[in-house]
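In what follows, chains carry the letters A, B, and so on, assigned in the order in which the sequence lines appear, proteins first and then strands, with residues in each chain numbered from 1.
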There are 2 protein chains.
Amino acid sequence: MSSSPLACASCPVRDRAACAALDEGEREELARLGRHRVLAPGETLFAAGEPNDRCATLVRGALKIATTDVEGDERILSLVHPAGFVGELFAPLARFDVVALTASEVCLFTRAEYEAAVERYPELARALLRRSSEDLFGARSLMAMVGRHSARERVAAFLLAMADAASDSPCHPAARFDLPLSRAEMAGLLGLTIETVSRQVSALERSGAIRRHGLRGIELVDAAQLGRAALP
Amino acid sequence: MSSSPLACASCPVRDRAACAALDEGEREELARLGRHRVLAPGETLFAAGEPNDRCATLVRGALKIATTDVEGDERILSLVHPAGFVGELFAPLARFDVVALTASEVCLFTRAEYEAAVERYPELARALLRRSSEDLFGARSLMAMVGRHSARERVAAFLLAMADAASDSPCHPAARFDLPLSRAEMAGLLGLTIETVSRQVSALERSGAIRRHGLRGIELVDAAQLGRAALP
DNA sequence: CGTCGCGTTGAAATCCATCAAACGACGTGG
DNA sequence: CCACGTCGTTTGATGGATTTCAACGCGACG
C-alpha cells in the first residue's frame, strides 16, 4: 500500500471520471481532499462489514466487487474499469468487498468529505448519478447474461466482453489480450465452477475460435465464431 | 390507460419517493410537469428499443424491469415497488421493458422536463442518486442470490422476500399474501423454468413450510423452516 | 360444451457439479 | 543444477439436479 497527493494534471481518466464534471478550480479543491493510492493484485480496498467511510475513483487497473457466501466461495458481482467509482455513499457499512484484480491506482476520498463535495457541487452529483445509472445497467446486463445461458455461452460472451474492455478503441475487440481474472474469478463472475470454465475455454480453443497463450493470454482467432457461441 | 394531473397531497409515497427531497414549492412545480397514470396488469409502460423520453415514479402496485432474449423468453431483472423510480436519464433508447405486474399508478414525466428539474434542484439529483444506489445494491443482491444457489433456495428466498414486501411493517413478513407474479415471471426472475418453480413450491408445501391458497395466495405456515430452506 | 391460458405432475435426457488425478509453472532449499 | 512442494489449471469419470418433453387438471370465457 502507498499513498500520496493527487496529480490530476497527468491523470489518465481526468476527462471520463466523475470529477470531469467539475471545472478547473473545483477539481483542484476536490483533489486536495483525496489521496492517490497504489494497490497490489489481490489487495483489498474495502471489505464487506467494515465501516463504510471511504470511496474512490479507479485510475488504472481493474477491481472486482464481490461477496463471499456462507460456504466461503466468492461471487463476483461486477468488474470496475478505469474511471469507475466505488463506494456506497448512503450505507453505514460496506456491503461488498472491493478488491484489486491487477496492479491498480485509485483516488481515495473519505466519504464524509466526498459527500460534502457532492452537496457543494451539483454537477458532481449529476455525474455520479450518471455513473450509478451505468453501473446499474451493467449489473442488469450481467444478470441477463448469466441467467439461463449455457456455460459455453457465458464463457464466450465473457471473453468477448474482455476483448472489448482490453481494446483502446471502443467497439473493436482487441485481437489479443491478457485476462485480468483467474479461472476461479471467472467462475465466480459467471456462476460456474473452475472446472467448467476451464473445459469451455478448452473447447473454444479446440473449435478454433480462440487460442491460449500461457495461462491468461487469449487470442481471438475467429471472433465471429466466438460471437455465435455467445448467443443462445 | 388513463392520465390526469398529479395530486401530491394524497400521494401514498409522498415522503419516500425521490420528490420527497423537495420542499413544498418545488414539489408543486415538479407536480405541474407530471401526469398521473393508471396501468392495468400486464400493461407496458416503457418498451426496450423505444425512444427513451419519459420517466416515472411508482405510486401504487408493482412493476417489473425485464428483457426478452432472442429465444423469446423473458428474464426479469428487477421488481419495482412503490416509491421506486423507473426510466434511464442518460440513454437515448430504453434498454429494458418496464411492465405493470398488478394494477398500478405512476407519476409520469417527460425525460427532458425531469432532467431540467434535476439540474434546477440539486436535492433531487441527490435523491435520485440515493435511489439509484439502492437499485444497484438490489440488483447485485439478486445476482448474488441467483448465482449458484439451488432451485429450492431461490424459491424459498423469493417467497420470503415477497412476504417482506407485502407486509406494511418493515422487517416483519406478512403471514399471508398474494404473489404479484405468475409462475412464468417467477421463473424469469429466478433463472429457472416454470416447471421447476412449480415443483419447488409444491415441495415447500409438502414440507409444511407454506400453504397455497388458489394460484397466487401463499400462507407462511413455518417461516423459520422457509428461512432454513433459503440458505445453502 | 369446447377451447384457451395457466399450473401441476411425471419420465427421460442433458448439462453441470463433484470427486479425483495429473500437469506445468514457479520458487525454495538441498 | 536439480529435487521438491505449492498453486493454478487442465482433464477424466461419475452422479445428480434441472431442463426438456409430454400429459393432465382446472378455471375462465365465449
S.K.: Side-chain contact, heavy-atom cut-off 4.5 Å: Ile210(B) with Val201(B)?
M.R.: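 Yes; the side chains approach each other to less than 4.5 Å.
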S.K.: Whole angstroms only, please: what is the CD-P distance between Glu74(B) and dC6(C)?
M.R.: 12 Å
S.K.: Examine distances only and state if a side-chain atom of Glu205(A) and a backbone atom of Ser202(A) form a donor-acceptor pair shorter than 3.5 Å.
M.R.: no
S.K.: Could you tell me if the ring centre of Phe96(B) sits under 6.0 Å from that of Phe137(A)?
M.R.: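 Distance test on ring centres: under 6.0 Å, yes.
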S.K.: Short question: side chain of Arg154(A), backbone of His149(A) - any donor-acceptor pair under 3.5 Å?
M.R.: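 Yes, the answer is positive, given that a donor and an acceptor are paired below the 3.5 Å cut-off.
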S.K.: Between atom CG in Leu192(B) and atom P in dT20(D), what is the gap in whole Å?
M.R.: 11 Å
S.K.: Which is true for Gly214(B) with a 4.0 Å heavy-atom rule: it touches a base, it touches only sugar-phosphate, or it touches nothing?
M.R.: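 The residue Gly214(B) makes no contact with any strand.
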S.K.: Is the phosphate of dT18(D), meaning OP1 or OP2, less than 4.0 Å from a side-chain N or O of Thr196(B)?
M.R.: no
S.K.: Once you round it to whole Å, what is the distance between P of dG24(C) and NE2 of His213(A)?
M.R.: 18 Å
S.K.: Could you state the CZ-C1' distance from Arg152(B) to dT18(D), rounded to the nearest angstrom?
M.R.: 13 Å
S.K.: Rounded off to whole Å, could you give me the CE-to-P distance for the Met186(B) and dG7(C) pair?
M.R.: 9 Å
S.K.: Hey, is the side chain of Arg212(B) poking within less than 4.0 Å of OP1 or OP2 on dT8(C), counting only N and O atoms?
M.R.: yes
S.K.: Using whole Å, what does the distance between atom P of nucleotide dG27(D) and atom CZ of Arg183(B) come to?
M.R.: 15 Å
S.K.: Reckon Ser198(A) has a side-chain N or O less than 4.0 Å from the OP1 or OP2 of dT9(D)?
M.R.: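 Negative; the distance criterion is not met.
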S.K.: Atom CZ of Arg199(A) and atom CZ of Arg206(A): how far apart are they, to the nearest 0.5 Å?
M.R.: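 So the CZ of Arg199(A) and the CZ of Arg206(A) are separated by 10.0 Å.
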S.K.: For dG10(C), does OP1 or OP2 lie under 4.0 Å from any side-chain N or O of Arg199(B)?
M.R.: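 Indeed not, no polar side-chain atom of Arg199(B) lies that close.
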S.K.: Check whether any side-chain nitrogen or oxygen of Ser202(B) sits under 4.0 Å from OP1 or OP2 of dT9(C), and answer yes or no.
M.R.: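 Yes, because at least one side-chain N or O of Ser202(B) sits under 4.0 Å from OP1 or OP2 of dT9(C).
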S.K.: Nearest whole Å is fine: how far is dT18(D) P from Asp73(B) CG?
M.R.: 18 Å
S.K.: Could you check how far CD of Glu195(B) sits from C1' of dA11(C), rounded to whole Å?
M.R.: 13 Å
S.K.: Could you pick out which residue, Leu215(A) or Gln200(A), lies toward the 5' side of DNA chain C when each is mapped onto its nearest nucleotide?
M.R.: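 Closest to the 5' end, via its nearest nucleotide, is Gln200(A).
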